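The structure appears right after this line, and notes come after that.
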Number of protein chains: 2
Amino acid sequence: METRIDRIKKQLHAASYKLTPQREATVRILLDHEEDHLSAEDVYLLVKDIAPEIGLATVYRTLELLTELKIVDKINFGDGVSRYDLRQEGAAHFHHHLVCLECGAVDEIQEDLLGDVEGVVEKRWNFQIKDHRLTFHGICWRCNDRSSQDPPQ
Amino acid sequence: METRIDRIKKQLHAASYKLTPQREATVRILLDHEEDHLSAEDVYLLVKDIAPEIGLATVYRTLELLTELKIVDKINFGDGVSRYDLRQEGAAHFHHHLVCLECGAVDEIQEDLLGDVEGVVEKRWNFQIKDHRLTFHGICWRCNDRSSQDPPQ
DNA sequence: TCTTACTTTATAATCATTATCAATTGATAA
DNA sequence: TTATCAATTGATAATGATTATAAAGTAAGA
């Protein structure tokens, strides 16, 4: 069976890049933390556990490379840090995010909710859409539940 | 007639802040460049023309303050800079953006296209939406027109 | 083995933003 | 007006993320 890493290796080769040990270690960390939204620093600290000799600059370069190849997406939630998010295999568009203003959690919506909206934008604004970023800011289900359980004061 | 500046002055006073000359100069620049998406540095350079003694830190502080009061929105298009965008008066939500990958232009969609989508998200993910960010990346109408006029090679 | 291009590491440099602190200003009461 | 006190400002230092640089390492082909 072909693993996810194998397929990423092929994508690199197709663009004439090698899957060096450092790059592989970085990709493994991303795969192991698919749910999270890691900053370059986060990735660096995690990669150091499995490849202690790696340098921070290499992590940055690798993440940049993976972004170029659309294997990961680089996002920015407004704190001063870029975060890196593995794209679903075969996904044409970037998934959406729910950022909780109370607890800071970031949840993902894999489903594409923008089909209709994109149709409108393409037609009405004569804009040829290549990708999108959609983030909702608000109160997540966890915090919602918690506050509805609170006794009224 | 009450001007836009007057109303902003009231908003500041309501939160017990003053409209100092520096703040006023900064707001004027934002009003004069409503269509643009200025970085703090951009604003600083423009403000210096009408208030030469102003400091960069004051501009940052003012933009931060205006963001807190929801008079402007702070956005980030992925280059390393925050940009500041006047909110439409009375708008509950932030407007959408079209970023052209070819010429870099940033156009605005004032209309709220997310009504239905937000309904779905609130119900299905039990997420209480406070605000949103929606940006499309693609080719703008100007570049579309230009390339359709190009002779096929 | 030799060559060449690619990659990495460590570190310095850059750039946006934030913190600090003394000086200034504005509003208010005496 | 003057005294007072908190808010605000400007200059500058500090921070923190990211990028550039240069020397050394690595892999693959001739």
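Residue numbers start from 1 in every chain, and the chains themselves are labelled A, B, ... in the order their sequence lines are given, proteins ahead of strands. If you're wondering where the values come from, they're calculated on a predicted model, not measured in any experiment.
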TODO: Rounded off to whole Å, could you give me the NE2-to-P distance for the B:His13 and C:dG26 pair?
DONE: 12 Å
Open item on the list: Pairing donors with acceptors under 3.5 angstrom, does anything connect the side chains of B:Glu111 and B:His96?
Closed with: no
TODO: Kindly point out which of C:dT7, D:dT18, D:dT8 is positioned nearest to the side chain of A:Ser82?
DONE: D:dT18
- [ ] Could you tell me whether A:His137 and B:His132 have their ring centroids closer than 6.0 angstrom?
- [x] no
TODO: State whether A:Thr20 places a side-chain N or O below 4.0 Å from either non-bridging phosphate oxygen (OP1 or OP2) of C:dC6.
DONE: no
Open item on the list: Parallel, tilted or perpendicular: which one describes the rings of B:Phe77 and B:His97, with boundaries at 30° and 60°?
Closed with: perpendicular
Task: Separation of D:dT26 P from A:Lys18 NZ (nearest whole Å) - done: 12 Å
- [ ] Round to a whole Å and report the spacing from CZ of A:Arg83 to C1' of D:dT18.
- [x] 15 Å
Task: Value in whole Å for how far the P atom of C:dC6 lies from CG of A:Leu12 - done: 15 Å
- [ ] For the residue pair B:Thr58 and B:Arg61, confirm or rule out a side-chain donor-acceptor distance under 3.5 Å.
- [x] yes
Open item on the list: Under 4.0 Å, counting only non-hydrogen atoms across every strand here, what does A:Ser39 touch: a base, just sugar-phosphate, or nothing?
Closed with: nothing
- [ ] Round to the nearest Å and state the distance from B:Leu19 atom CG to D:dA7 atom C1'.
- [x] 14 Å
TODO: Check DNA chain D against residues 50-74 of chain B and give the residues with a non-hydrogen atom under 4.0 Å, in numerical order.
DONE: B:Glu53, B:Ile54, B:Gly55, B:Ala57, B:Thr58, B:Arg61
- [ ] Would you kindly give the OH-to-C1' distance between B:Tyr44 and D:dT12, to the nearest whole Å?
- [x] 12 Å
TODO: Searching all strands shown, indicate the nucleotide that pairs with D:dT12 (Watson-Crick or G-U wobble; both distances under 3.5 Å).
DONE: C:dA19
Open item on the list: Which residue is it: A:Val121, A:Leu113, A:Val120? I am looking for the one with a side-chain contact (heavy atoms from CB on, under 4.5 Å) to A:Val117.
Closed with: A:Val121
TODO: Mind calculating the distance between CG (A:Asp79) and C1' (C:dT17) to the nearest angstrom?
DONE: 13 Å
Open item on the list: For A:Asp42 and A:His33, which I'm curious about, is there any donor-acceptor pair between the side chains at under 3.5 Å?
Closed with: no
Open item on the list: Taking the minimum atom-to-atom distance to the side chain of B:Gln22, which one of D:dG10, D:dT18, C:dT17 wins?
Closed with: D:dG10
- [ ] Could you tell me which residues satisfy side-chain hydrogen bond (donor to acceptor under 3.5 Å, both in side chains) with B:Lys10, sequence neighbours excluded, listed by chain and number?
- [x] B:Glu2
Task: Distance, rounded to the nearest Å, where B:Asn76 contributes CG and D:dA17 contributes P - done: 15 Å
